[in-house]
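Let me begin by presenting the structure, written as structure tokens, before commenting on it.
Just so you know, ligand 1 is whichever comes first in the structure, and atom 1 is the first atom listed for that ligand. Both backbone and side-chain heavy atoms feed into the values below; hydrogens, waters and symmetry mates do not. What you see is a predicted model, and the numbers here were worked out from it, not measured in a lab. The chain is numbered in sequence order, starting from 1.
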Amino acid sequence: MSNADFELTGKTALITGAGRGIGLATARRLAAAGAHVIIADYIAENGEAAAAEIESMGRKSLFIEVDVRSSASVDSMAARALAAFPQIDILVCNAGIAQAVAAEDCSDEDWLNMLAVNLNGVFWCCRAIGKHMLERGSGAIVNTASMSGMISNTPQPQAHYNAAKAGVIMLTKSLAGEWAGRGVRVNCVSPGYIGTDMTAEGMANADWYPTWLAMTPQGRVGAPEDVAAAIYYLASPAAKYTTGSNLVVDGGYTAW
Ligand SMILES: NC(=O)c1ccc[n+]([C@@H]2O[C@H](COP(=O)([O-])OP(=O)(O)OC[C@H]3O[C@@H](n4cnc5c(N)ncnc54)[C@H](O)[C@@H]3O)[C@@H](O)[C@H]2O)c1
């Protein structure tokens with residue numbers, strides 16, 4: 001193994017939810033390693049700004065507006081990406097939402113919307129871009145799961161989020177097994193609490209935030225860059241013997 005195994009020059013990555021937070025940090029990280037990066041998000045303003053920033057780093061970029069809840073929208077994202085770039089080498093399925101709601105008050109709409117973004121969305125993207133990777137016999141997919149797929153968060157109630165993320169971990173393993181013999185690796189990362197827009201409400205909550213810190217051995221939340229580094233490793237040739245894994249980046253939360 002050499003530093004060349006961490007080199008992404010000439011490769012193209014597509015990242016969903018890359019307009020801000022963990023997705024944006026990942027776009028910057030992969031671009032710094034040499035990759036061209038396609039930014040996919042449903043907030044156009046953030047996505048356009050992210051694509052401009054990647055171009056300012058000397059890489060090619062493109063913003064594609066997508067709603068990952070819709071397989072038609074995802075298929076059209078894949079078609080647009082492959083019309084603009086000859087191939088997609090790396091797919092990061094990272095778009096996600098969070099919501100705190102007690103299970104007994106969780107409406108059909110809340111439940112279905114959570115599953116639509118956080119689980120269906122990952123599958124639609126893996127299926128659309130995975131097909132292209134299988135045809136070429138090469139590709140690396142990294143899904144953003146969560147420690148919430150392994151532990152039940154507290155004090156905020158979020159059964160639908162936790163269930164969706166557990167689904168992402170098992171979807172990752174299932175696809176890894178199906179596609180390992182055809183050159184496509186599929187892994188996921190499971191972040192603990194990371195300081196982004198998603199956690200801003202919780203970090204401002206006088207009950208939740210101290211509980212999160214007390215339950216985290218490192219006693220702090222992580223940065224988006226901490227997760228981006230793990231995604232980078234799994235996406236890079238350095239991880240060529242790694243598939244079906246779930247890399248936990250949680251300051252030790254799940255160790256206690
Ligand atoms: N922040 C954390 O503590 C934490 C912990 C574990 C896992 N995660 C996961 O990491 C991922 C990124 O989260 P983040 O913290 O950066 O949050 P964020 O809210 O800052 O970013 C999420 C991004 O996804 C996009 N998005 C949401 N719904 C979409 C849809 N239907 N179609 C397309 N794009 C959509 C948003 O526009 C946004 O740019 C999510 O999957 C989240 O569940 C976050």
Side-chain angles (χ1 to χ4, degrees), residues 14-29 38-51 63-78 92-100 112-126 128 142-153 156 158 160-169 171-172 188-205 208-209 212-213 215-216 220-228 230-231 246-251 253-254:
L14 187 155
I15 306 173
T16 69
R20 68 184 192 199
I22 292 169
L24 177 57
T26 304
R28 290 174 175 146
R29 180 63 263 171
I38 300 164
I39 307 284
D41 206 294
Y42 76 164
I43 302 178
E45 196 185 343
N46 291 346
E48 299 281 10
F63 167 62
I64 302 179
E65 195 168 332
V66 66
D67 183 344
V68 299
R69 290 173 291 194
S70 152
S71 63
S73 178
V74 167
D75 288 349
S76 121
M77 170 195 79
V92 182
C93 300
N94 167 81
I97 55 166
Q99 181 194 22
L112 291 171
N113 192 50
M114 181 60 68
L115 273 285
V117 181
N118 286 10
L119 182 56
N120 297 356
V122 175
F123 180 63
W124 306 147
C125 293
C126 288
V142 185
N143 298 322
T144 307
S146 173
M147 68 173 180
S148 313
M150 294 171 284
I151 53 92
S152 175
N153 302 71
Q156 74 279 19
Q158 49 177 61
H160 53 356
Y161 182 90
N162 301 342
K165 292 298 187 180
V168 172
I169 295 169
L171 173 63
T172 299
C188 62
V189 291
S190 277
Y193 291 112
I194 306 296
T196 67
D197 287 334
M198 182 176 278
T199 44
E201 188 194 339
M203 289 175 69
N205 185 305
W208 299 4
Y209 191 45
W212 294 359
L213 298 185
M215 293 181 73
T216 305
R220 61 185 176 85
V221 299
E225 291 74 19
D226 296 327
V227 184
I231 294 173
N246 174 24
L247 182 46
V248 179
V249 185
D250 68 351
Y253 192 104
T254 52

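Proximity annotation for atom 4 (C) of ligand 1: of A98, S146, G192, G192 comes nearest, heavy atoms only. Looking at G222, A145, G23, S190, it is A145 that brings a heavy atom closest to atom 7 (C) of ligand 1. Across the listed options V189, I22, N94, N94 owns the non-hydrogen atom lying nearest to atom 11 (C) of ligand 1. Of the candidates G17, A44, C125, G19, it is G17 that places a heavy atom closest to atom 24 (O) of ligand 1.
Within ligand 1, counting atoms from 1 as listed, the ones closer than 4.0 Å to a heavy atom of I43 are 37 (O). Near A95, meaning under 4.0 Å from any of its heavy atoms, are these atoms of ligand 1: 24 (O), 26 (N), 34 (N), 35 (C), 41 (O). With ligand atoms numbered from 1 in the order given, ligand 1 contributes 30 (C), 31 (N), 32 (N) to contacts under 4.0 Å with heavy atoms of D67. Atom numbering of ligand 1 starts at 1 in the shown order; those under 4.0 Å from a heavy atom of G21 are 16 (O), 20 (O). Ligand-side atoms of ligand 1 in range of Y193: 3 (O), range being under 4.0 angstrom from any heavy atom. Proximity to I97 (heavy-atom distance under 4.0 Å) selects the following atoms of ligand 1: 27 (C), 28 (N). Each of the atoms 22 (C), 24 (O), 27 (C), 40 (C), 41 (O) of ligand 1 lies under 4.0 Å from some heavy atom of G96.
The shortest distance between side-chain heavy atoms of W212 and M203 falls below 4.5 Å. The shortest side-chain heavy-atom distance between P191 and M147 does not fall under the 4.5 Å cut-off. Under the 4.5 Å side-chain criterion, counting only non-hydrogen atoms from C-beta, N246 is in contact with M150. For the pair R20 and T196, the minimum side-chain heavy-atom distance is 4.5 Å or more. The shortest side-chain heavy-atom distance between I22 and I231 falls under the 4.5 Å cut-off.
Scanning all protein heavy atoms for the shortest distance to atom 19 (O) of ligand 1 gives R20 NH2, 2.9 Å. The protein non-hydrogen atom at the shortest distance from atom 33 (C) of ligand 1 is V66 O, 3.3 Å. Remark: minimum distance from atom 13 (O) of ligand 1 to any protein heavy atom is reached at M198 CE, 3.9 Å. Atom 25 (C) of ligand 1 has its closest protein heavy atom at D41 OD1, 3.5 Å. Protein heavy atom at the shortest distance from atom 9 (C) of ligand 1 is T144 CG2, 3.6 Å. For atom 43 (O) of ligand 1, the closest non-hydrogen atom on the protein side is Y161 OH, 2.7 Å. Ranking protein heavy atoms by distance to atom 26 (N) of ligand 1, first place goes to Y42 CE2, 3.6 Å. Of the protein's heavy atoms, I194 N, 2.8 Å lies nearest to atom 3 (O) of ligand 1.
Only side-chain heavy atoms of T199 come within less than 4.0 Å of ligand 1; its backbone N, CA, C and O stay farther off. For M147, no heavy-atom contact with ligand 1 is shorter than 4.0 Å. Within the 4.0 Å heavy-atom criterion, the part of T196 lying near ligand 1 is the side chain and not the backbone.
Open room surrounds CD on E201; 12 or fewer heavy atoms of other groups in view lie less than 6.0 Å from it.
Inspection of the N113 and R69 side chains reveals an N or O donor paired with an N or O acceptor under 3.5 Å. For N153 and S148, the side-chain atoms include at least one donor-acceptor pair closer than 3.5 Å.
Side chain of D250 to main chain of T254: a donor-acceptor pair is present (N/O by atom type, distance under 3.5 Å, no hydrogens or angles). A donor-acceptor contact shorter than 3.5 Å is absent between the side chain of T16 and the backbone of A40. When atom types are taken as modelled, the side chain of S73 and the backbone of V68 share no donor-acceptor pair closer than 3.5 angstrom. In terms of modelled atom types and a separation under 3.5 Å, the side chain of D226 and the main chain of A223 share a donor-acceptor contact. A distance-only check finds no donor-acceptor pair linking the side chain of N143 to the backbone of V122 [under 3.5 Å].
Residue K165 places at least one N or O, backbone or side chain, under 3.5 Å from an N or O of ligand 1.
Heavy-atom separations between V117 and ligand 1 include at least one value shorter than 4.0 Å. Residue contact annotation: N46 has no non-hydrogen atom under 4.0 Å from ligand 1.
Residues passing the side-chain hydrogen bond (donor to acceptor under 3.5 Å, both in side chains) test with W124, sequence neighbours excluded: none.
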Extract all donor-acceptor atom pairs below 3.5 Å that involve side chains of residues 161-169 and protein atoms in other chains or at least two apart in sequence.
{"from": "N162", "atom 1": "OD1", "to": "Q158", "atom 2": "NE2", "distance (Å)": "2.9"}
{"from": "N162", "atom 1": "ND2", "to": "Q158", "atom 2": "O", "distance (Å)": "3.4"}
{"from": "K165", "atom 1": "NZ", "to": "T144", "atom 2": "O", "distance (Å)": "3.1"}

